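Heads up: numbering here begins at 1 and tracks the sequence. For clarity, every value in this text was computed on a predicted model and none was experimentally measured.
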Amino acid sequence: MAVEEQSLFDNAQHIVFLTGAGVSTASGIPDFRSQNGLYKQNKNAEYYLSHRYFESDPEGFYEFCKKNLYFPDAKPNVIHQKQAAFTKEGRATVITQNIDNLYEEAGTENLIDFHGNLYNVYCEKCGETVPVAEYLQSRIHSKDGGNLRPDIVLYDEGIKQDNISRSLNAMANADLVVIVGTSMKVYPFAGLLQYANPNAQIVAINQQTLDLPVKFTMIQTDATKYFADLEVK
């Protein structure tokens, strides 16, 4: 790793990591949009992950989620771990599109699950939170017969206002924005770049070159190798 790249992280006091599915592929979780991703394999995947489908066919939605979204054997990788270490120093916020709970497992602080978390499951009828293991056994709440669902943002649902507010605040105060594992094409997440502190340096770490609407530095490399070499000082 170049000395100037390491010094970027050493000198930053308010890092924002903007992350997506590419962070979790190293943990064995396939991303949605690649050649072998869920959306290529199943042309109806977006519909199956919509609120409309959840309402019209809750059993079908449940089976689709169980089969395609949960990877209980996946563990945090070095990207999660290093980013978590920066948050534990009080110098970073992670804003992720991922819903797989791996940042939580890595002990990440100052974490914003922009699209929710599969492992937070609640009953639509009473609002009670239930363990994910219970949900994976049955989609019906044993206490009141209500529908259980993971607290994720489905297609045709809005992002939680608190997640938007916290994200905008983090971006406004950032002195370094680091994009990892996402092409920044999915809105409204991609729109967060427009709210970055104008004095913040923006860096993208990705194997493919990105095209972004802001001035940024492209580091074209394997993010797992990059974060393995990166020191948290």
query = Would Lys160 and Asp113 count as a salt bridge (Lys or Arg N to Asp or Glu O under 4.0 Å) if you check the C-alpha gap in whole Å, the side-chain angles of each, and the deciding distance to 0.1 Å?
reply = CA-CA 10 Å; Lys160 287 184 178 179; Asp113 288 317; over 6 Å; no

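- Closest approach of Phe227 and Gln83 over heavy atoms only: CZ-NE2, 3.6 Å.
- Applying side-chain hydrogen bond (donor to acceptor under 3.5 Å, both in side chains) to Tyr103 and the options Asn117, Thr19, Thr96, Thr87 leaves one that passes, Thr19.
- In this structure, Leu193 and Met171 approach most closely via the heavy-atom pair CA-CE, 4.1 Å.
- Here the side chains of Met184 and Leu18 are in contact, with some heavy-atom distance below 4.5 Å.
- Residues Leu118 and Tyr155 are members of one and the same hydrophobic cluster, defined by side-chain heavy-atom contacts under 4.5 angstrom among Ile, Leu, Val, Met, Phe, Trp and Tyr.
- Residue Arg139 is tested with Glu134, Glu124, Glu59 for a salt bridge (Lys or Arg N to Asp or Glu O under 4.0 Å); the sole match is Glu59.
- Of the possible polar contacts, none joining the Glu105 side chain to the Leu102 backbone as a donor-acceptor pair under 3.5 Å is found.
- Remark: side-chain polar atoms of Asn101 are not paired, donor with acceptor, to backbone N or O of Glu104 under 3.5 angstrom.
- The two atoms that bring Ala74 and Ser27 nearest to each other are CB-O, 3.6 Å, heavy atoms only.
- No chain of hydrophobic side-chain contacts below 4.5 Å, direct or via other Ile, Leu, Val, Met, Phe, Trp or Tyr residues, connects Leu210 to Val186.
- Between Ser138 and Leu148 the shortest heavy-atom distance is O-CD1, 3.6 Å.
- Between Tyr70 and Tyr119, the gap from one ring centroid to the other is short of 6.0 Å.
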message = Thr129 vs Val121, test: side chain to side chain contact (heavy atoms under 4.5 Å, CB included). Steps then yes/no.
response = CA-CA 6 Å; Thr129 300; Val121 177; 5.9 Å; no

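- Of the inter-residue distances, the one linking Asn98 atom CG with Ser24 atom OG reads 4.0 Å to the nearest 0.5 angstrom.
- For Gln81 and Asn77, the side-chain atoms include no donor-acceptor pair closer than 3.5 Å.
- Counting non-hydrogen atoms of neighbouring residues, nucleotides and ligands closer than 6.0 angstrom, the NZ atom of Lys143 reaches no more than 12 such neighbours.
- At a threshold of 4.5 Å between non-hydrogen side-chain atoms, the residues Leu49 and Leu69 count as touching.
- Looking at heavy atoms from C-beta onward, Asn173 lies out of side-chain contact with Asn197 at the 4.5 angstrom threshold.
- Residue Phe17 is grouped with residue Leu8 when hydrophobic side chains (ILVMFWY) are merged at heavy-atom distances under 4.5 angstrom, including chains of intermediate members.
- Side-chain atoms of Gln220 come within 3.5 Å of backbone N or O of Gln207 as a donor-acceptor pair.
- The cluster map of Ile, Leu, Val, Met, Phe, Trp and Tyr, joined by side-chain heavy atoms under 4.5 Å apart, puts Leu192 and Leu111 in different clusters.
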Audit row: Phe216, Val177, side chain to side chain contact (heavy atoms under 4.5 Å, CB included) steps and yes/no = CA-CA 9 Å; Phe216 73 107; Val177 176; over 6 Å; no

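- Counting non-hydrogen atoms of neighbouring residues, nucleotides and ligands closer than 6.0 angstrom, the CD atom of Glu55 exceeds 12 such neighbours.
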inquiry  = side chain to side chain contact (heavy atoms under 4.5 Å, CB included), that's the test. Do Ser50 and Leu154 meet it? Break it down for me.
reply    = CA-CA 5 Å; Ser50 70; Leu154 303 176; 5.5 Å; no

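- The one candidate from Leu230, Val94, Thr93, Val178 that meets the side chain to side chain contact (heavy atoms under 4.5 Å, CB included) condition with Phe86 is Leu230.
- No path of Ile, Leu, Val, Met, Phe, Trp and Tyr side chains, each step under 4.5 Å between heavy atoms, connects Ile29 with Tyr48, placing them in separate hydrophobic clusters.
- Lys215 is not listed as a side-chain neighbour of Ile202, based on a closest heavy-atom distance of 4.5 Å or more.
- Between the Arg91 side chain and the Ile15 main chain, no donor and acceptor come within less than 3.5 Å of each other.
- Between the side chain of Tyr195 and the backbone N or O of Asn169, no donor-acceptor pair lies under 3.5 Å.
- In this structure, Thr221 and Ile205 have side chains that are in contact, with non-hydrogen atoms separated by less than 4.5 Å.
- Ile159 contributes atom CD1, which lies 4.0 Å from atom NE2 of His115 (distance to the nearest 0.5 angstrom).
- Here OH of Tyr122 is found 10.5 Å from CG of Asn147. Values are rounded to the nearest 0.5 Å.
- Salt bridge Lys125/Asp144: absent, no basic N to carboxylate O contact under 4.0 Å.
- In this structure, Arg149 forms a cation-pi arrangement with Phe54, its terminal cationic atom sitting closer than 6.0 Å to the ring centre and no more than 45° off the ring axis.
- Between Ala200 and Ala174, the closest heavy-atom pair is CB-O, 3.3 Å.
- For the atom pair CZ (Phe114) and CD1 (Ile164), the distance works out to 5.5 Å, reported to the nearest 0.5 Å.
- Residues Lys82 and Val232 share a closest heavy-atom pair of CD-CG2, 3.8 Å.
- With values rounded to the nearest 0.5 angstrom, His51 atom NE2 is found 10.0 Å from Ser56 atom OG.
- Ring to ring, Tyr53 and Phe64 are not that close: their centroids are 6.0 angstrom or more apart.
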ask   = side chain to side chain contact (heavy atoms under 4.5 Å, CB included) between Ile95 and Val16: does it pass, once the steps are laid out?
value = CA-CA 7 Å; Ile95 310 174; Val16 172; 3.7 Å; yes

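- Here the CG-CD distance, from Asp175 to Gln201, works out to 8.5 Å after rounding to the nearest 0.5 Å.
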